[in-house]
Each structure stands twice: as structure tokens, then as C-alpha cells.
Number of protein chains: 2
Amino acid sequence: MKTNSKLKPNANSKSESLADFKVGVDNVIFSVDITYNRVLVLLRKRNNDPFKNYWSLPGTLVRQGESLTDAAYRTLAEKIQADNLYLEQLYSFGNPGRDPRENPDSYGIRYLSVSYFALVRYEESKIINQTDYSIAWYRVNDIPKLAFDHDKILDYGWNRLKNKLQYSPLAFDVLPTEFTLNEVYKLYCTILGENFSDYSNFRSRLLKLGFLSDTGVKVSRGAGRPASLYKFDSEAFAPLKDKPLLFI
Amino acid sequence: MKTNSKLKPNANSKSESLADFKVGVDNVIFSVDITYNRVLVLLRKRNNDPFKNYWSLPGTLVRQGESLTDAAYRTLAEKIQADNLYLEQLYSFGNPGRDPRENPDSYGIRYLSVSYFALVRYEESKIINQTDYSIAWYRVNDIPKLAFDHDKILDYGWNRLKNKLQYSPLAFDVLPTEFTLNEVYKLYCTILGENFSDYSNFRSRLLKLGFLSDTGVKVSRGAGRPASLYKFDSEAFAPLKDKPLLFI
DNA sequence: TTAATTTTGGTATTTATTACTATAAATATA
DNA sequence: TATATTTATAGTAATAAATACCAAAATTAA
């Protein structure tokens with residue numbers, strides 16, 4: 001059934017000209033360090049060819065009997081300890097030649113990457129250090145040249161984050177479970193660019209949406225009057241889920 | 001290199017337990033018949049097992065050296081004659097067991113579907129009749145039980161259409177190149193549900209966005225005062241592309 | 001003790017949305 | 001032909017929302 005990759009396939013036989021694939025999942029995992037206002041991406045350093053010593057998105061090849069999501073969760077769980085992470089499929093990259101392990105004559109096995117977009121809480125998660133390679137958080141605006149087409153995948157994920165932040169409550173998946181309104185504001189500033197709105201108006205607009213509940217607890221973060229800690233109320237948000245709304 | 005699918009793979013050898021895939025593309029192709037206010041999906045009747053005589057999304061398996069998008073365009077071009085069609089990747093479905101051709105013991109070849117979302121203009125496109133199977137437009141709210149997991153894929157595409165219509169100018173990819181404002185309004189009503197807005201206010205909101213240009217030509221569609229034909233001005237829209245805006 | 005900083009509540013102005021009205025220009029019909 | 005009906009289009013008043021500010025409160029920093 002399978003064509004010998006050394007042989008040119010018979011062009012007349014339709015089934016013979018089909019490509020054979022290995023499928024990988026690659027995760028674009030974001031977190032935000034609110035104390036330094038940094039958007040971070042989890043990268044791992046490759047210890048094997050191809051792209052040995054390059055940094056890449058944490059990923060894995062899909063195993064027999066394994067679903068795509070399971071593969072995504074598996075590689076995530078290997079690298080980071082985080083509960084309540086947000087995960088959604090991002091995009092699939094499968095153009096011929098995207099992996100140097102592919103035969104340059106275009107026959108033989110191809111590598112397709114189904115990418116996933118993940119959000120974890122920086123403060124509540126912990127990198128699991130590996131014995132044979134390094135893992136690290138990288139600032140999203142200071143990324144080295146990555147292995148494969150991972151720059152493109154990362155870029156795709158970064159755009160998803162910026163867009164989706166505007167019309168869905170992604171912010172509350174990267175912020176700590178309890179946060180001040182100023183922290184929400186700074187998050188939006190960091191991701192969407194500095195001067196996108198006035199703080200005072202951002203506050204009232206956000207509160208009017210009605211899904212942030214004041215815990216009553218006050219915290220002091222440096223100088224100034226202490227702020228209330230809020231948390232995201234998913235029940236209060238539920239009825240708004242399918243309505244078109246802008247968060248900014 | 002390839003595991004014999006009859007044999008249980010060696011669990012100790014990592015590479016042996018990787019799944020082998022064929023990759024298919026399946027297209028969710030929408031159009032809208034504005035004279036009858038119908039949202040249509042292009043389906044084909046399968047003439048082979050599995051799911052012989054079931055209707056399915058038009059798709060194909062990716063060939064050697066072929067990109068995913070090329071495969072999507074190839075199967076599209078085989079089935080429908082349409083210029084200026086809109087195409088974007090939708091989602092990838094690759095869970096084990098989604099295709100009955102897969103071995104039930106979870107070893108052997110798996111079939112992954114990368115789905116694409118397409119919009120064509122009903123009036124300006126033409127189905128290419130095939131000798132060995134039928135192709136037809138089906139009303140989106142009157143779809144038979146489809147082959148494979150194509151119901152799920154179609155559903156995913158239908159949601160994409162409904163959501164994206166609210167914050168991007170998809171409407172002008174399904175409407176004829178020149179249209180009356182009432183036709184835009186009816187399109188939004190048909191897709192988003194009857195009573196979502198007042199016609200008069202919808203008009204002024206849409207016009208204020210500034211990317212519809214009046215051709216000056218008046219047309220009479222049945223009774224009533226003739227309406228202006230408008231067209232979408234992509235240059236005027238360009239600066240708004242990255243701004244968060246609601247069309248409704 | 002005073003200055004600086006940050007939160008929070010608030011207001012006036014501008015802008016947008018909404019519900020509605022009126023007129024224009026065609027077709028349908030008696 | 002005269003009149004009713006239909007649809008397009010412009011416009012308006014009332015309401016709601018967004019925006020640009022302001023000021024008091026409660027803390028830390030000097």
C-alpha cells in the first residue's frame with residue numbers, strides 16, 4: 001500500500017500519489033508576568049537534529065490511538081505544571097518542505113503540524129525542568145530565530161491573542177484568579193499597545209459588563225490607595241457568551 | 001520504518017508508536033440565494049464506500065508535493081466554477097476512529113481532515129456536474145445525515161459564518177458584487193436570525209462605516225421605490241481591517 | 001509632615017444608538 | 001387613469017454610551 005519513497009510514484013494511479021504524513025502538535029503557550037508587564041511564550045531548546053540547539057515551540061508527534069488534543073495536553077503536561085489552563089486549536093501547517101526531514105524530491109513522509117494556543121497563569125504555573133534539554137519563558141517581543149516554521153506559528157498565536165482579547169474574556173485566563181482592575185488594565189495595555197484607552201473609563205466599562213465580582217479584599221501594590229481584588233464570575237458571564245461584545 | 005499494522009507496536013520504542021496519517025481537506029462552501037433568502041452549502045453524494053450514497057462535504061486527500069491550500073482549491077475547482085471566492089482554513093479533525101477505513105484496533109493509517117471554509121457568490125458561480133456522482137446546494141437548515149464527522153465540520157463552519165459576519169465584511173463575499181442595502185439587511189437577517197435590528201438604523205450604521213460606495217445605478221426589485229446599487233470598496237475598508245468593529 | 005501615588009466615584013460633553021416619522025418613487029390594482 | 005401599496009431614503013427626538021476630565025480617599029515615599 002505504501003509507496004517506496006525512493007521510487008517516483010506512478011502518476012496514473014491516484015492512490016499511489018497520495019502523501020503520507022506524520023502529524024505533530026505544537027503549542028503556543030502564553031503567560032503574562034504582571035509584575036514586569038511582560039507577555040511570555042514557553043520555548044524549548046532542541047537537542048536533536050534537525051535544528052539542533054535552536055529554540056522551538058514545545059510539541060510532539062501524535063501517537064497511535066491518540067487524539068490531537070490528547071497529544072497537545074501530553075506535551076504540555078510534560079513541560080509545565082499548571083491547572084486550569086486554557087487550550088484551543090490554532091491552525092494547521094502542512095505545506096511540503098516545512099520539515100527538513102522531508103525528502104527534497106517531495107516524495108516520502110511529510111510532517112503536518114496542528115498547532116494549539118494555550119494560556120497559563122504565570123504565578124500559578126511551574127516549568128518542569130528536563131534532564132536533556134532546556135525550557136524557558138521568552139518575552140514575546142524578544143524571540144530568537146526558531147526551528148522549522150515555528151516563527152510563523154508563534155506569530156499566528158500572537159495575533160490570535162491580540163484579536164481575541166478584544167472580544168472574549170481571555171484576560172482572565174492569564175491573570176491570577178484574583179486581580180486588581182489596574183492589573184487588567186495593564187494587561188490590555190501590554191498586549192494591545194500602550195495608549196488604547198483611559199484607565200478610569202476602561203474600569204467603568206469593564207465593571208458595567210457585570211462579570212467581575214469584588215471580593216472586598218484590599219491589597220496594596222506599592223504606593224497609592226489599596227485596590228480591591230476582583231475575580232471573574234463565569235456564571236455572570238455565561239449569558240453574554242454568544243453576544244457580540246467588545247471588551248475594550 | 002513503517003510499522004506493520006497487523007502487529008502490535010513495541011511500546012518501548014517511541015518512534016514505532018507514532019501514528020501514520022493520510023491527510024484530507026474538506027470544504028464547507030457557503031453561498032446565499034438572496035432571491036429566496038436561503039443559506040446554501042455545497043454537498044456531494046459519495047459513490048464509494050465508506051458511506052456510499054451518503055452526502056458529504058466536497059474534499060480530497062492531499063497528494064505528494066501538494067500544499068493543503070492547493071488541495072482545497074483543487075477540489076473546489078473540480079466542483080464549482082467561481083471567481084473571487086473566499087477561502088480560509090477552518091479546523092482540523094483528527095481523532096482516532098473518525099474514518100471507518102481506520103483499523104479499529106487503533107494501529108495502522110489514520111485519516112486527518114483539515115477543513116476549509118469557503119464563500120462563493122451564488123449568482124456568479126456554477127456547479128460543474130460530475131459524470132459519476134451528484135453535487136448539489138443544500139439549505140443549511142435542511143441537511144441530511146452526512147458521511148464521516150462531516151456534520152460536525154459543517155456545524156463548525158456554520159458557526160464561523162455566523163460569528164465572523166458580526167465583525168468582518170464576509171457579507172460582501174457572498175452577495176453579488178453589486179447589491180442593494182436591503183439585500184445586505186436581508187442577508188444579515190437570514191444568517192443571524194429574523195429580528196436582530198431595525199432596517200433603517202442598520203442602513204445608516206452600515207453606511208457610516210464608510211466602505212460601501214453608491215454606484216448611482218437604481219434598480220427595481222418588484223414593488224416600491226427603486227434602490228441604489230452599492231458595492232464594497234476594499235480600499236476604504238483597508239484602514240479598518242485591524243480595528244475592532246461590529247457590523248451589526 | 002508633606003508630597004507623591006494610586007484607587008475610586010463622579011460629572012459634563014460629545015457621540016452613538018434606538019425608535020420612530022415623513023417623504024419620494026416606484027409597482028399593483030381597481 | 002386614479003389610488004393604494006410598497007419600498008427607499010432622509011431625518012429627528014429621546015435615550016444610551018463613550019470620552020475627557022475632575023476630585024476626594026487612602027495609601028506609600030521622602
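Side chains are part of it too, since the values below use all heavy atoms of this structure and drop only hydrogens, waters and symmetry mates. Residue numbering restarts at 1 for every chain, and letters A, B, ... go by the order of the sequence lines.
- Put simply, the residue from B:P144, B:S56, B:S134 that forms a side-chain contact (heavy atoms from CB on, under 4.5 Å) with B:K45 is B:S134.
- Position along DNA chain D of the nearest nucleotide to B:S204 versus B:T180 favours B:T180 as the more 5'-ward residue.
- Within 4.0 Å of B:R221, counting heavy atoms only, lies no atom of the nucleic acid at all.
- Rounded to an integer number of Å, the gap from B:L206 CG to C:dT17 C1' is 15 Å.
- Both A:Y199 and B:K208 lie near DNA chain C, and the one whose nearest nucleotide falls closer to the 5' end is A:Y199.
- Without hydrogens or angle criteria, A:R121 side chain to A:L175 main chain gives a donor-acceptor distance under 3.5 Å.
- Across the protein-nucleic acid pair, A:L246 atom CG and C:dT17 atom P stand 11 Å apart, rounded to whole Å.
- We find that CG of B:L212 is positioned 16 Å from C1' of D:dA8, with the value rounded to whole Å.
- A donor and an acceptor atom, one from each side chain of B:R74 and B:T60, are located under 3.5 Å apart.
- Put simply, NZ on B:K218 is 17 Å from P on D:dT7, counting in whole angstrom units.
- To the nearest angstrom, P of D:dA16 lies 19 Å from CG of A:L245.
- In this structure, the side chain of B:S115 engages the main chain of B:Y91 through a donor-acceptor pair within 3.5 Å.
- For B:Y54 (side chain) and B:F148 (main-chain N/O), no donor-acceptor pair under 3.5 Å exists by modelled atom type.
- For B:R205, the side-chain atoms get nearest to C:dT18 when compared with the rest of C:dT18, D:dT19, D:dA10.
- The aromatic rings of B:F117 and B:Y86 lie perpendicular to each other, with more than 60° between the two planes, well past the 30° mark.
- Side chain of A:S113 to main chain of A:F93: no donor-acceptor pair is present (N/O by atom type, distance under 3.5 Å, no hydrogens or angles).
- Atom CZ in B:R203 sits about 6 Å away from atom P in D:dA10, given to the nearest Å.
- Comparing the local axis fitted to the first five base pairs of the helix from C:dT1-D:dA30 to C:dA30-D:dT1 with the one fitted to its last five gives a bend of 10°, rounded to 10°.
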Indicate for each nucleotide in nucleotides 19-30 of chain C, in 5' to 3' sequence, whether protein heavy atoms under 4.0 Å reach the base (B), only the sugar-phosphate (S), or nothing (-). BB---BBBS---

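- A donor-acceptor pair is defined here as one N or O able to donate and one able to accept, closer than 3.5 Å; such a pair exists between the side chain of B:D151 and the backbone of B:L146.
- Between A:N182 and the phosphate of C:dT6, there is no side-chain N or O to OP1/OP2 separation shorter than 4.0 Å.
- Remark: the backbone N or O of A:I29 is not paired with any side-chain donor or acceptor of A:N27 at under 3.5 angstrom.
- Residue A:F202 contributes atom CZ, which lies 13 Å from atom P of D:dA18 at whole-angstrom precision.
- Atom CZ in B:F179 sits roughly 16 Å away from atom C1' in D:dA8 (whole-Å rounding).
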